[in-house]
Amino acid sequence: MTINATVLKNTVARCRERGVIIPTFAQMRDPSRVPQKIKDRLKGVGLWDIDPVNLFRITWKNEPVERGGLYNDGNWIEFPSSLTGVPARIVGIVGKWFPTGAHKVGAAFGCIVPRLVSGAFDVTTQKAVWPSTGNYCRGGAFDCALLGCHAVGILPEEMSRERFDWLRRIGAEVIATPGCESNVKEIYDKCWEIRRTRPDCVIFNQFEEFGNAVWHYHVTGGIIEGVFNRLAGGKTQVAKISKGQNLRLSGFVSATGSAGTIAAGDYLRTISPHVRVVATEALQCPTLLQCGFGGHRIEGIGDKHIPWIHNVRNTDVVAAVDDEACIALMRLFNEPAGQTFLTAEGIAEPLVGQLPTLGISCICNLMAAIKTARMFEMDARDVIFIPLTDSMELYGSRIEEYRKSQGAYTATHAARHYERYLLGAAVEHMRELTYFDRKALHNFKYFTWVEQQQRSVEDLRRLWDPDFWTETFAQVSEWDHRIEQFNEATGLLK
Ligand SMILES: Cc1ncc(COP(=O)(O)O)c(C=O)c1O
């Protein structure tokens, strides 16, 4: 890490003036390390408030309350066999309780903070640009608002209205690029235009910034490990296991956008070497499955290229999911007729009440987890984790749109969708990756990153080396050290 002392001095002064204390990655992973002084401040602050103390809520372990919450052991939902049709245990870790309602605020933190504490980004003179399909630029705009720095969010024009409305409310500059979800090339083109024409802008490209993957490796990996240990150690669980054997951490399924979240799978591999790391994407844009392309409706994922930060060598399986299935299940989980149907089918009411905690890509994760359980014939000892990245809070307008375009949702729709997409979810559109398949995905990066985005072939080759990733993830201790020094320099923790 090279340090720019002059810029660092500016940033320290700005943070002192605004009362900004920066959490370490270790604190985000384990909030019991957060100082009491911060916890006292959190008691008077709402989850989405523009208050710098909310940097300490960039963790999976927030109490699930709108205001004044402190920390817990994480929030998770276990999906029972009556809903999934498989004996394996599928567990979702809940992202709704991050500020902004989505876990991407952590990825944004991972990208900006290492530069902030090394003086590589000057909050007092520079603008932070967040190229995104939605939640990442919301997270970046939120982090910037806390730091008092100008944010520029770039996102495709077809993303949900909630995202645009919120960005404008928070005071971010918003640039809408042509197309949907998978039109990331258009976002990159806009970034090049900004590089050429706006020298005061710094681009934090989540698709190539390792801070994104590093954050997930430690913080998302950490919460999954903790929840798994709780499940494995809980008395009720031991009683339930028919064969009397221990639970296995068997799967981690993540719908990839920037491929930051899937880096948690790299961490899980270190504690459970046989874990299957599954990347899921829309069948309508099967880039990992078939080098395919296309538009789709699973907001937040699938970008017609392999992100630079995706360690494809650690991905075991690719599962493509039909976006129509996700939309159908979104209606099943959220429409009154769908919820009534599920309750009548014997799904416990508290769980039915929690289903709106799943945004559209979370439903994709759930379907891919069911397919994974089927494909590998997993049983009740196998636990598959999925991130529930955001919730329906960000997609209310979509429900309205489908009511208008597809008509009212009835018990008949609910029965069809439950049978077809949950109980009947089959193993089609899946591929277990061989060594050569992974190498092909790695090579596929060439066309985006070397030909289009000016990366070197040498850098690309380094990404195939497992040591490269070990070293990348290990950087966090130096970052934490710098963060501690930074907080000392502001003097705010005294
Ligand atoms: C709703 C949603 N789901 C999934 C993802 C994909 O996560 P990642 O970019 O870490 O691969 C994103 C990313 O923005 C998202 O917003």
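Aromatic rings from F210 and F468 are positioned such that their centres are separated by under 6.0 Å.
Of the possible donor and acceptor atoms, one in the side chain of S477 sits under 3.5 Å from a partner among the backbone N and O of A474. Checking side-chain atoms of R57 against main-chain N and O of P99 turns up no donor-acceptor pair under 3.5 Å. Checking side-chain atoms of T280 against main-chain N and O of A255 turns up no donor-acceptor pair under 3.5 Å. Side chain of R276 to main chain of T372: no donor-acceptor pair is present (N/O by atom type, distance under 3.5 Å, no hydrogens or angles). With hydrogens and angles ignored, the 3.5 Å screen pairs a side-chain donor or acceptor of D480 with a backbone N or O of A26. Under a 3.5 Å cut-off, the side chain of R313 and the backbone N or O of W464 do form a donor-acceptor pair. A distance-only check finds a donor-acceptor pair linking the side chain of D316 to the backbone of V277 [under 3.5 Å]. One N or O on the side chain of E63 and one on the backbone of L70 form a donor-acceptor pair closer than 3.5 Å. At least one donor-acceptor pair under 3.5 Å links the side chain of K37 to the backbone N or O of L492. Between the side chain of D122 and the main chain of V7, no donor-acceptor pair closer than 3.5 Å is present.
Residues C326 and V321 form a side-chain contact, since some pair of their non-hydrogen atoms from C-beta on lies under 4.5 Å apart. Between H216 and H103, the closest side-chain pair of non-hydrogen atoms falls below 4.5 Å. Side-chain atoms of T100 and L47, non-hydrogen and from C-beta on, never get closer than 4.5 Å to each other. Q453 is not listed as a side-chain neighbour of W308, based on a closest heavy-atom distance of 4.5 Å or more. Within the 4.5 Å cutoff, the side chain of M1 has heavy atoms near those of the W479 side chain. L288 has its side chain out of reach of F444: every pair of non-hydrogen atoms, C-beta onward, lies at least 4.5 Å apart. F228 is not listed as a side-chain neighbour of V91, based on a closest heavy-atom distance of 4.5 Å or more. Counting heavy atoms from C-beta outward, T177 and D189 have side chains that stay 4.5 Å or more apart.
With rounding to the nearest 0.5 angstrom, the CE atom of M330 is 10.0 Å from the OH atom of Y395. One finds the CD atom of E186 at 13.0 Å from the CG atom of L155 (value rounded to the nearest 0.5 Å). The structure places CD of E281 at 5.5 Å from OG1 of T287, a figure rounded to the nearest 0.5 Å. Rounding to the nearest 0.5 Å gives a distance of 9.0 Å between OG1 of T2 and CG of N4. Between the CD1 atom of I399 and the CG atom of N334 there is a distance of 4.5 Å, given to the nearest 0.5 Å. Put simply, CD on E225 and CZ on R29 are 5.5 Å apart, with the number rounded to the nearest 0.5 Å.
Scored by the side chain to side chain contact (heavy atoms under 4.5 Å, CB included) test, R67 finds D49 as partners (sequence neighbours excluded).
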Distance-only criterion, 3.5 Å: show the donor-acceptor pairs between side-chain atoms of residues 169-176 and protein atoms not counting sequence neighbours.
| from | atom 1 | to | atom 2 | distance (Å) |
| --- | --- | --- | --- | --- |
| E173 | OE1 | H150 | NE2 | 2.8 |
| E173 | OE1 | R198 | NH2 | 3.0 |
| E173 | OE2 | R198 | NH1 | 2.8 |
| E173 | OE2 | R198 | NH2 | 3.4 |

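F473 pairs in a ring pair (Phe, Tyr, Trp, His ring centres under 6.0 Å) with only one of the listed residues (F25, W215, Y217), which is Y217. Screening T256, T389, N135 against S361 for a side-chain hydrogen bond (donor to acceptor under 3.5 Å, both in side chains) leaves a single residue, T389.
Side-chain atoms of E484 and T24 form no donor-acceptor pair, as typed in the model, at a separation below 3.5 Å. Under the 3.5 Å distance criterion, with hydrogens and angles disregarded, a donor-acceptor pair is assigned to the side chains of H310 and T315. Under 3.5 Å, the side chains of W130 and Q206 contain no donor-acceptor pair of N or O atoms. No donor-acceptor contact under 3.5 angstrom links the side chains of S254 and T261, judged on distance only. In this structure, a donor-acceptor pair under 3.5 Å is absent between the side chains of K104 and S132.
Ring orientation note: the planes of F98 and W60 are nearly perpendicular, at an angle over 60° on the 30°/60° scale. By the 30° and 60° cut-offs, the orientation of the rings of W449 relative to Y188 is tilted.
At a threshold of 4.0 Å, the pair E401-R398 counts as salt-bridged, since one of the basic side-chain nitrogens sits closer than that to a carboxylate oxygen. Between D303 and K185 no salt bridge is recorded (no basic side-chain N to carboxylate O distance below 4.0 Å). A salt bridge does not link R138 with E162: none of the charged nitrogens is closer than 4.0 Å to a carboxylate oxygen. For the pair E193 and K190, the salt-bridge criterion is met [side-chain N within less than 4.0 Å of a carboxylate O].
The two residues V278 and I262 make their nearest non-hydrogen contact at O-CD1, 4.0 Å. Between E78 and L231 the shortest heavy-atom distance is OE1-CD2, 4.2 Å. Contact detail for C201 and I194: the closest heavy-atom pair is CB-CG2, 3.6 Å. Closest heavy-atom contact between A263 and A213: CB-O, 3.4 Å. L394 approaches D390 most closely through the heavy-atom pair CD1-OD2, 3.6 Å. Shown here for M159 and F164, the closest heavy-atom pair between the two residues is O-CE1, 3.5 Å.
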For this session: Before giving the answer on side chain to side chain contact (heavy atoms under 4.5 Å, CB included), spell out for V318 and L433 the whole-Å C-alpha distance, their side-chain angles and the decisive distance to 0.1 Å.
Result: CA-CA 7 Å; V318 172; L433 301 180; 3.9 Å; yes
For this session: Verify side chain to side chain contact (heavy atoms under 4.5 Å, CB included) between V184 and K304, making sure each step is shown before the conclusion.
Result: CA-CA 7 Å; V184 171; K304 294 194 293 218; over 6 Å; no
Exercise. Going through the distances and angles, do L55 and I21 end up as a side chain to side chain contact (heavy atoms under 4.5 Å, CB included)?
Worked result: CA-CA 8 Å; L55 286 171; I21 303 167; over 6 Å; no
Problem set entry | side chain to side chain contact (heavy atoms under 4.5 Å, CB included) evaluation trace for T59 with Q27 | CA-CA 8 Å; T59 172; Q27 287 167 333; over 6 Å; no
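Under a cut-off of 6.0 angstrom, the local environment of NZ in K9 is sparse, with at most 12 non-hydrogen atoms contributed by other residues, nucleotides or ligands.
The side-chain tip of R195 points at the ring of W192 from less than 6.0 angstrom away and within 45° of straight on.
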